[in-house]
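Structure record follows, encoded as structure tokens.
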2 protein chains.
Amino acid sequence: MELDDRKMKILTAVIKNYLETGEPVGSRTISKYTDLNLSSATIRNEMADLVEMGYILQPHTSAGRIPSDKGYRLYVDRMMAEMTTQMDEKNKEVEELKGLLIEKEEKMDAMLKQVARSLAVNTNYASMISAPSVSGSKLKFIQLSRVDANQLVAVVVLEGNIIKNNMIRVAEELDDETLLKLNILLNTHLNGLPIESINLGLIASLKQQAGIHSDIVGDVIDAVAESIQEDEDLEIYTSGANNIFKYPELADGQKASEIISTFEEKQMLTTLVQNTLANEERTGIQVYIGDEMQDSSMKDCSIVTATYELGDGMKGTLGIIGPKRMDYEKVVGTLKKLMRQLEEVRKT
Amino acid sequence: MELDDRKMKILTAVIKNYLETGEPVGSRTISKYTDLNLSSATIRNEMADLVEMGYILQPHTSAGRIPSDKGYRLYVDRMMAEMTTQMDEKNKEVEELKGLLIEKEEKMDAMLKQVARSLAVNTNYASMISAPSVSGSKLKFIQLSRVDANQLVAVVVLEGNIIKNNMIRVAEELDDETLLKLNILLNTHLNGLPIESINLGLIASLKQQAGIHSDIVGDVIDAVAESIQEDEDLEIYTSGANNIFKYPELADGQKASEIISTFEEKQMLTTLVQNTLANEERTGIQVYIGDEMQDSSMKDCSIVTATYELGDGMKGTLGIIGPKRMDYEKVVGTLKKLMRQLEEVRKT
DNA sequence: TATTAGCACTCCAATCAAATGAGTGCTAAC
DNA sequence: GTTAGCACTCATTTGATTGGAGTGCTAATA
């Protein structure tokens with residue numbers, strides 16, 4: 001059987017209607033809703049075909065139809081394709097979301113929290129944002145200072161002015177001169193390097209040059225590596241978890257509990273973010289529908305993710321978690337705008 | 001009317017039973033449950049009195065009784081008093097909670113998250129912990145370094161090895177010598193000072209001594225102050241929010257949504273923490289029952305908080321949020337143990 | 001051949017009455 | 001002061017009934 005134009009129109013109508021109401025859609029409704037001028041009986045025949053083809057489902061014998069994951073997928077893919085062709089809508093709506101303006105924030109985490117929050121408030125869905133991965137970013141500055149007899153603090157500044165630090169405990173006390181030498185050694189060899197390029201070979205070479213202090217250099221490099229790595233296991237901020245209660249299909253006790261839990265654990269979100277960053281493609285926007293995510297607690301949800309870039313190869317992901325029947329157009333639009341705004345921020 | 005011994009026993013029996021079952025308790029149940037050897041009829045008479053006195057409630061005419069906030073309050077107060085007298089229970093149960101062992105963590109926030117999590121897992125209630133307030137703590141070390149032409153990074157280490165940092169933008173470029181002088185100036189005047197003592201007078205005096213660079217000193221001090229203040233607006237970590245779904249009286253959509261929301265916003269928790277820190281008393285443990293909190297979303301909850309101290313005047317609060325009928329004894333015991341453990345941590 | 005009107009049928013959801021049973025309050029007896 | 005006994009209350013459960021939305025199928029129509 002073939003998905004001809006008419007079937008497509010009916011499918012779209014079913015989905016759109018279901019997105020609005022959340023109730024199964026009957027043939028009569030479609031008959032009026034569309035401009036096809038077909039009777040409900042004809043629609044029924046077509047809908048029976050669509051069920052057979054797997055695009056819609058019938059909760060029970062005498063009920064209307066609801067979209068299946070496959071149906072949503074088709075719909076979303078078409079929408080995404082359309083959106084990229086008619087890019088003029090970009091200008092049209094740019095003003096619209098005032099609440100989404102991002103204030104310049106000195107502290108990265110404060111900014112991310114703010115973005116997550118405003119995203120949740122504006123869309124009425126739950127939201128998340130991952131801190132930008134620093135991989136690919138370059139070392140800008142390293143400073144080793146003595147705090148007291150056997151404690152040092154290592155401060156590392158990356159491009160994009162991300163500051164990391166770490167305490168280092170040293171067995172033997174270091175005098176000022178040695179400390180100075182170490183600082184010079186570290187800075188001359190490491191500044192400007194992308195953090196990936198700090199590998200074992202380089203560390204060995206540094207240790208050698210440090211002579212009698214090779215142990216300390218080892219410790220220091222470890223500490224530096226650790227401080228960089230620190231939230232390379234993707235810090236994720238979430239907001240608006242309670243929004244899921246606005247959608248009856250998620251608000252049921254059992255489901256809600258699972259979703260909240262998944263949300264809190266963040267493990268699942270982390271893998272999703274990694275997934276998104278790995279799969280990045282044309283628009284940078286990806287949609288996961290129901291079972292397309294591994295996690296069973298998300299089987300009644302959809303997640304829309306977007307990759308943002310702050311320059312210097314610092315990429316992160318932001319996303320919306322909502323019911324399958326979420327307003328994909330609005331969400332995708334909002335995310336696109338936010339992506340653009342985040343990319344502006346780096347210029348300031 | 002007077003709350004004699006027998007009434008007290010009956011009240012306690014009602015509460016204990018209700019804590020377990022969550023169902024209204026009838027006279028017949030009490031008649032068997034206690035060793036009073038009284039018939040249900042007598043119990044009924046007494047319970048009628050207890051209702052009149054406000055310690056228990058009757059959801060509707062022909063139902064059993066449930067404890068009122070006043071009843072809970074009496075029960076909790078008595079329990080707390082008992083617990084402080086028979087402190088031997090301390091030894092008895094110390095082994096019991098294996099999962100509660102706190103691993104030494106270099107990073108404060110990682111440790112706090114871990115504590116919150118283990119608290120939630122062990123109790124089956126939601127949990128929270130506030131980062132220790134640094135007020136009262138002393139400055140240990142300040143370092144100002146140039147990252148590039150017009151950006152400095154200020155690193156501040158407080159006692160307890162809390163590290164804070166902040167970027168500073170300067171209009172005019174500073175040469176190495178000036179920077180060195182500034183560092184010396186800051187360290188000689190500020191090291192060892194409790195952070196509260198950095199007031200306007202001191203700043204003015206520093207500015208004066210900085211001579212032509214007084215503007216910069218102002219900026220720097222501001223940055224330092226800001227970085228210290230940063231999470232003085234009480235960072236709070238929460239965990240186990242989904243546990244509320246385990247208690248039917250909270251799992252209903254509307255209520256759950258409000259609670260989750262309150263939990264996420266953290267505003268209410270912040271004021272609670274401040275409250276707790278301000279009111280600290282004998283044991284350091286406080287119980288808030290239902291309406292004793294301002295927030296209406298918490299009207300069906302109780303919160304038990306404990307104040308921990310990491311030395312150096314660094315105090316924080318940890319707590320448990322659950323239904324009113326939570327297992328107060330267990331919760332208080334667990335919190336006490338955790339307090340002790342946290343206080344051990346500082347010694348390592 | 002594609003479309004449509006018509007009709008019997010299905011199934012959910014809402015409504016209602018009756019039955020159930022836990023628990024009370026009160027009174028009279030012990 | 002305590003208790004047995006009894007009538008009464010009220011939430012909850014159960015089952016039967018109904019209404020209506022929606023389907024599938026068939027026969028008539030264009």
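Quick note on labels: first sequence line is chain A, next is B, and so on, each numbered from 1.
- B:I30 places its CD1 atom 17 Å from the P atom of D:dT2, with the value rounded to the nearest Å.
- Within the structure, every side-chain polar atom (N or O) of B:S62 is placed at least 4.0 Å from both OP1 and OP2 of C:dG25.
- Remark: A:N37 CG is loosely packed, at most 12 non-hydrogen atoms of other residues, nucleotides or ligands lying under 6.0 Å away.
- The nearest whole Å value for the distance from the OH atom in A:Y33 to the P atom in D:dG22 is 15 Å.
- The nearest whole Å value for the distance from the NE2 atom in A:H60 to the P atom in C:dA13 is 6 Å.
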In B/S/- notation, 5' to 3', how is nucleotides 1-6 of chain C contacted by protein heavy atoms closer than 4.0 Å?
--SBBB
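- The number of heavy atoms from other shown groups lying within 6.0 Å of NZ (B:K9) does not exceed 12.
- Residue A:T61 has a polar side-chain atom (N or O) positioned under 4.0 Å from OP1 or OP2 of C:dC11.
- Here the closest non-hydrogen pair linking A:M128 and A:T305 is CE-CG2, 4.3 Å.
- A side-chain N or O of B:S297 and one of B:T262 form a donor-acceptor pair less than 3.5 Å apart.
- Computed from coordinates, the A:L57 CG to D:dG22 P distance equals 17 Å when rounded to whole Å.
- Heavy atoms from other residues, nucleotides or ligands lying under 6.0 Å from CZ of B:R117 number 12 at most.
- When the C1' atom of D:dG22 is taken as reference, atom CD1 of A:I66 falls 15 Å away, rounded to whole Å.
- Between A:E23 atom CD and D:dG20 atom P there is a gap of 17 Å when expressed in whole angstrom units.
- Computed from coordinates, the A:R65 CZ to D:dG22 P distance equals 11 Å when rounded to whole Å.
- Using cut-offs of 30° and 60° on the angle between ring planes, the pair A:Y72 and A:Y18 is tilted.
- One atom, NZ of B:K7, and another, C1' of D:dT2, lie 14 Å apart when rounded to the nearest Å.
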